[in-house]
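The structure appears right after this line, and notes come after that.
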Amino acid sequence: MEEGKVQNEDKKSNLEEELTKKELPRRDFIKKASLATIGGILPFIAANTLRAQDDEGDDDDDEGDDDDDSSNDESSSAGLAPRKLGKVGEISALTFGAHLITDKKVLEAAIDMGINCIDTAPKYYAGQSEELIGEYLKKNKSSRENLIISTKLPIEDEDPTYGGTEEKMLASIEKSLKRLQTDYVDILYIHGVGGIHRVTNPMLHSAFEKAKEKGMVKHLGLTSYNGDMKEVVKKAIDGGKFDVLMLYYNYVRQNDRYESRFFQYSDLFDKAKEKNIGIIASEPFAGGFDVTKRDLDKGFREASISWILENDKISSVRAPIRNFSELERYAGAAKGGSGNTSVLSSYQKAVSEQWGHSYCRACDVCLPVCIFNVAIPDILRYRAQYENFGMEKKAILSYKVLLEKKNQAVYCATCSEPCRHVCPFGVDIKPSLLQAHKLLSF
Ligand code: SF4
Ligand code: SF4
């Protein structure tokens with residue numbers, strides 16, 4: 001493991017450590033944070049006071065973060081006031097992305113602070129994310145009806161290209177419900193949709209209808225971050241079968257000179273709103289880089305969340321929340337800070353100029369060129385997770401799955417590299433993949 005790499009999921013924020021040391025009950029933290037968020041008191045007074053006592057620092061914190069105030073500056077009675085998510089109902093402006101969760105206390109605190117949407121998937125930590133949420137739901141049965149719980153169908157259970165069938169989809173839903181210890185999920189997503197064959201797949205719709213009749217699911221959604229997103233989103237809106245779209249949306253992508261060639265959302269967002277289809281933004285941090293290590297944070301994550309929520313067509317931002325520190329920061333931003341564009345554009349500039357050779361935008365242009373069917377964008381995403389987000393364990397596990405499908409980058413070593421110069425974003429595909437393989441395979 002790289003020197004200085006942080007096992008973020010195992011780390012506790014300074015605040016949490018301090019709370020543990022002082023044996024303050026979690027309720028105290030929640031009370032302080034909720035009052036601060038809702039009442040407009042500087043939300044992080046407690047955290048900042050405690051951070052000041054800790055010279056060690058924490059990579060997940062942003063000591064010296066000049067723009068922290070971007071999330072704290074305005075009092076807002078709105079706080080985490082719900083927005084409308086189409087037919088689903090009211091949703092908090094911040095959705096708890098549970099793909100990195102390892103600490104149930106963080107989830108409990110988030111729910112107590114007013115976050116009502118929890119997003120998971122069977123594959124997150126090989127089912128452990130769903131199980132952890134399930135433990136919460138078992139102990140807090142009365143809270144279930146106030147929560148929006150979403151999970152996903154694994155691509156191989158749902159995509160006919162990978163052998164997906166109606167039976168597999170129904171079995172997957174049943175297993176998720178068991179892990180989640182609930183009778184139903186509010187939203188069932190098909191995951192990472194890059195082609196319209198999955199939007200129109202009749203088996204998907206019949207499986208969903210059957211599950212709905214049995215009361216196992218309420219709404220169908222899709223997530224999309226790669227491939228032919230524009231056509232996918234159009235088809236999903238026009239078809240009228242999807243109630244929620246969770247889309248890769250952030251400042252970097254929307255302002256990238258290349259991305260704009262591929263996809264602008266604005267007209268589609270209007271159309272979705274007309275049809276009462278809810279939109280959740282995912283990947284608020286642009287699948288990007290370790291801003292803390294590279295001195296780029298400076299309030300970047302808060303500004304990202306605030307910038308997204310300035311768009312009133314977006315109901316909620318799904319952010320990965322790993323610890324108390326992130327919970328505080330993101331909740332503060334979601335209450336209505338400034339989407340500080342100078343912070344955002346500095347980050348974007350740094351990403352493009354300094355790391356453009358390995359920053360994959362998941363456009364899938366290179367896929368047909370690869371003679372070994374290497375899962376190029378997926379692998380580069382896992383590499384980014386490993387290198388930049390402290391998600392080493394998850395990235396390694398995800399990469400391992402590709403071994404079974406023979407989609408790993410091991411083939412690049414002896415390949416004549418027809419993918420060279422193919423990437424419209426200038427990614428050096430082969431060297432980037434070889435580096436990814438080195439990091440992710442054991
Ligand atoms: S170098 Fe790797 S990614 Fe490129 S074509 Fe060959 S196997 Fe595919
Ligand atoms: S490597 Fe380049 S061409 Fe391939 S998916 Fe990523 S951005 Fe697109």
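Atoms within a ligand are numbered from 1 in the order they appear, just like the ligands themselves. Because only heavy atoms are used, hydrogens play no part in the values below, and waters and symmetry mates are left out as well, while side chains stay in.
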Listed partners of [X] passing side-chain hydrogen bond (donor to acceptor under 3.5 Å, both in side chains), at least two apart:
| X | result |
| --- | --- |
| R318 | H99, D119, Y124 |
| K275 | none |
| N311 | Y249 |

*Starting from atom 4 (Fe) of ligand 2, count all protein N, O or S atoms within a radius below 2.8 Å.*
1
*asked:* Are Y184 and H219, when compared by the centres of their aromatic rings, separated by less than 6.0 Å?
replied: no
*Does any donor atom in the side chain of Q408 or S441 lie under 3.5 Å from an acceptor atom in the other side chain?*
no
Side-chain ion pair, [X] and [Y], N-O less than 4.0 Å:
| X | Y | result |
| --- | --- | --- |
| R179 | E131 | no |
| E135 | K104 | yes |
| R301 | E326 | yes |

May I ask you to identify the nearest protein heavy atom to [atom], giving residue, atom name and distance to one decimal place in Å?
| atom | answer |
| --- | --- |
| atom 2 (Fe) of ligand 1 | C412 SG, 2.4 Å |
| atom 8 (Fe) of ligand 1 | C370 SG, 2.3 Å |
| atom 7 (S) of ligand 1 | F372 CD1, 3.6 Å |

Per-atom contacts, ligand 1 versus [X] - under 4.0 Å to a heavy atom:
| X | result |
| --- | --- |
| P418 | 5 (S) |
| L433 | 3 (S) |
| C415 | 1 (S), 5 (S), 6 (Fe), 7 (S) |
| V374 | 7 (S) |

*asked:* Would you say that F372 contacts C412 through its side chain, given a criterion of any heavy-atom pair below 4.5 Å between the two side chains?
replied: no
